[in-house]
Amino acid sequence: MDTPQPTGAATLPLSRIRKGDNPRRYFDRRKHDELVASILRRGVLQPILLRPTGDADDTYAIVAGERRYRAALEAFGPEAQVPVVIREMTDQEALEAAIDENDIRDDASETEQADAAVRILAACHHDRAEAAGRLGWSRAKLDRRLALANLSDAVKRALDERRIKIGHAELLAAVPGDKQDKALETILGSGLDVSRTRDLLMRVTQNLASACFDKTECATCPFNSGAQRALFETHIDDGHCTNPGCFELKTQVAEMIRFEEQERAEKAARAAAPPAVDDAGDDEQDDVLDESSPSPEVRERSGDVGSSDGNGARASGPSTRAHSTSNAPTTPKATVTAKSIVARTTDLREATWRTALARALAGDAARAQTTILVAAMSGTLPQIKAETLRARAGLLVGATFPDLDYGAKIAAIRALPEPQSSTVLSAIGAAYARDVSTFGHVADLCRAFDVDLRDVWQVDQAFLERYTKDELKFIAQECGLISHMGEKAFARLLGSKKADLIAGMLNRTGFDWAGRLPGAMTLDGQYGPPPNRAAACRDARP
């Protein structure tokens, strides 16, 4: 059948035209039928834009006009002649022209625009400003469409076919892909409107305020409801995680780290606790002091302080000294330094830094990857205890993972979504931080990643109870407490019982221990002041 043709247009038979790389997936049946009826009456009035395919059969690919091609093919068959415009175009030029045609001629669906935006962004090397400019969109529109690109195929089809509204799709875009199809079934099966869908999703989200793990990554996570609020008019309340699987994994990893930290600290405390004789000696001495008594240092210089024997009994003091040899040699008192007291904290220091590194790696997959690669290339990766990861495989990968054969385990790992893969990688890095035998490797990693112990550790009673009074005085000096109180006031405090001395050090008005890291706990033996040095100086003034 001959078709009406516009005057002066080049024509080609439909048999020599091939579908191009059109971002459009969905063609509305009603609109298609209307276009077929129009073409039967008037022919194809607007030329189809083509470009050569380069194939030997001399065919051309559609750049713009696939709806007209489909309708003409149904109306007249493959031998019908249609008007065409043929241009030489690159793949990128053809894609941009197709997107523009869809926007202008017959609005593409939001999901089609989303898929096209992903392709343009990749061509622009992920420069969003350039991609928005090429598409002729605002940056906000580009960001919204890219967020919709994360929808599952089933949700995309439902939106294209208008079985759900854009509000439904915006809400589902904040849900992990493996949960979207189930949510879609509920929406369609129960006939949920957008408001009821929002209420449903709110019930399965997690409140980030209650999270026990480091939430640094959450700030930029697409499953943070705050990110959705910035994009879409329809969203759930701020401060919620819409990825319960990731939330649960991070929570359990954090709990494992906390438990192991507590276990290590308790073990270190038992191993490094000072002998009972030290405290007994201090307390016995404290019991005979009253407010009018001179300080221990003054009494020692004047020869008034006796020493205690191995059973805590007091040796000869002023009343018995006449019966002893006046020229008996005395052992000079050792000078207290950070290096001299570090032996009391070796276990605690190493356990605390290992935990700080484990936390840093558990919250950063990129750091964990670097750690794993260095460990593998240096031959220390096998130091991770086999049971450390094997026992947690069910938690990190899936409940059935430990029972799978090796081939199935490969498939399970390959099928992990990106957020879960990152969590597994972080868990391996954290395990290395805890298990590697050489503490020097832990120290080097902490320095490389700028891990700061001051962020997670603070002087407390359990720490101070490890030390003698002279060592406590040294800590008070290097941390600025003596400067804050004044030497005379601290000397009076030093004359009290050890328990009262510690309480007085910890609860001194106007002095904040936060961020102050004694040299015995640092990697280089040097005192670590609070990050805000100006504040530290103000705190240190009496």
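Counting from 1, the numbers follow the sequence of the chain as shown.
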Once you round to the nearest 0.5 Å, how far does NZ of Lys165 lie from CD1 of Ile187? 12.5 Å
Rounded distance (nearest 0.5 Å) linking atom CZ of Arg139 with atom CZ of Arg144: 12.0 Å
Distance, nearest 0.5 Å, that separates CD of Gln369 from CG of Asp364: 10.5 Å
State, to 0.1 Å, how close Ala117 and Leu142 come at their nearest heavy-atom pair, and which atoms those are. CB-CD1, 3.8 Å
With distance as the sole test, does Thr380 use its side chain to make a donor-acceptor pair with the main-chain N or O of Ala376 at under 3.5 Å? no
Interatomic distance, Arg128 atom CZ to Asp143 atom CG [nearest 0.5 angstrom]: 5.0 Å
Please check if atom CD in Gln461 has more than 12 non-hydrogen atoms from other residues, nucleotides or ligands closer than 6.0 Å. no
Short question: side chain of Thr522, backbone of Gln526 - any donor-acceptor pair under 3.5 Å? yes
For Ala149 against Ala114, the heavy-atom pair lying closest together: N-CB, 3.7 Å
Hey, is the main chain of Cys479 close enough, under 3.5 Å, to the side chain of Arg516 for a donor-acceptor pair? yes
Heavy-atom pair of closest approach, residues Ile384 and Ala431: CG2-CB, 3.9 Å
Give me the atom names and distance for the closest heavy-atom approach of Ala433 to Val442. O-CG2, 3.9 Å
Distance alone, cut at 3.5 Å: any donor-acceptor contact between the side chains of Thr468 and Asp470? no
If you draw a 6.0 Å radius around CD in Gln383, do more than 12 non-hydrogen atoms from other residues or ligands fall strictly inside? yes
Nearest 0.5 Å, what's the OG-NZ distance between Ser496 and Lys469? 6.0 Å
Should Tyr467 and Ile475 count as side-chain neighbours, where that means a heavy-atom distance under 4.5 Å? yes
Do Met521 and Leu348 come close enough that some side-chain heavy atom pair is under 4.5 Å? yes
Using the ring of Phe490 (Phe, Tyr or Trp, six-membered ring only), decide whether Lys473 places NZ or CZ under 6.0 Å from its centre and within 45 degrees of its axis. no
With a 6.0 Å cut-off on the ring centroids, do Trp457 and Phe463 count as close? yes
Heavy-atom side-chain proximity of Glu170 to Val194 below 4.5 angstrom: no
Trp137 vs Gln113, side chain to side chain contact (heavy atoms under 4.5 Å, CB included): CA-CA, chis, key distance, verdict: CA-CA 11 Å; Trp137 294 353; Gln113 291 178 342; 3.7 Å; yes
Check for a donor-acceptor pair, side chain of Glu487 on one end and backbone N or O of Ile482 on the other, with a separation under 3.5 Å. no
Residue pair Pro402 / Arg390, side-chain heavy-atom distance below 4.5 Å: no
Quick one: does Glu110's side chain have a donor or acceptor within less than 3.5 Å of a partner on Ile166's backbone? no
May I ask you to decide if Thr509's main-chain N or O and His484's side chain share a donor-acceptor pair within less than 3.5 Å? yes
Heavy-atom closest pair (Arg434 atom, Ala358 atom, distance to 0.1 Å) is NH1-CB, 4.0 Å
Output, in order, the C-alpha distance, side-chain angles, deciding distance and verdict of side chain to side chain contact (heavy atoms under 4.5 Å, CB included) for Thr400 and Asp403. CA-CA 6 Å; Thr400 62; Asp403 300 323; 5.6 Å; no
Report the distance from atom OG of Ser421 to atom CG of Leu416, rounding to the nearest 0.5 Å. 4.5 Å
Any Val436 side-chain heavy atom under 4.5 Å of Arg354 side chain: yes
What I'd like to find out is whether the side chain of Leu159 reaches to under 4.5 Å of the side chain of Lys156, using heavy atoms alone. no
Test log, rule side chain to side chain contact (heavy atoms under 4.5 Å, CB included), inputs Tyr432 and Ile372: CA-CA 8 Å; Tyr432 180 78; Ile372 294 167; 5.9 Å; no
Please give me the minimum heavy-atom distance between Asp127 and Ala129, naming the atom from each residue. OD1-N, 3.1 Å
Heavy atoms of other groups near Lys409 NZ, more than 12 under 6.0 Å: yes
Salt-bridged, Arg447 to Asp444, with N to O below 4.0 Å? yes
Mind checking whether Leu517 and Tyr527 have side chains closer than 4.5 Å, heavy atoms only? no
Min side-chain heavy-atom separation Arg359-Val451 under 4.5 Å: no
Is the side chain of Ser152 donor-acceptor paired with the backbone N or O of Gln180 at a distance under 3.5 Å, no angle test? no
State whether the side chain of His168 and the backbone N or O of Leu192 hold a donor-acceptor pair below 3.5 Å, judged by distance alone. yes
Is the backbone of Phe449 close enough, under 3.5 Å, to the side chain of Arg367 for a donor and an acceptor to pair up by distance? yes
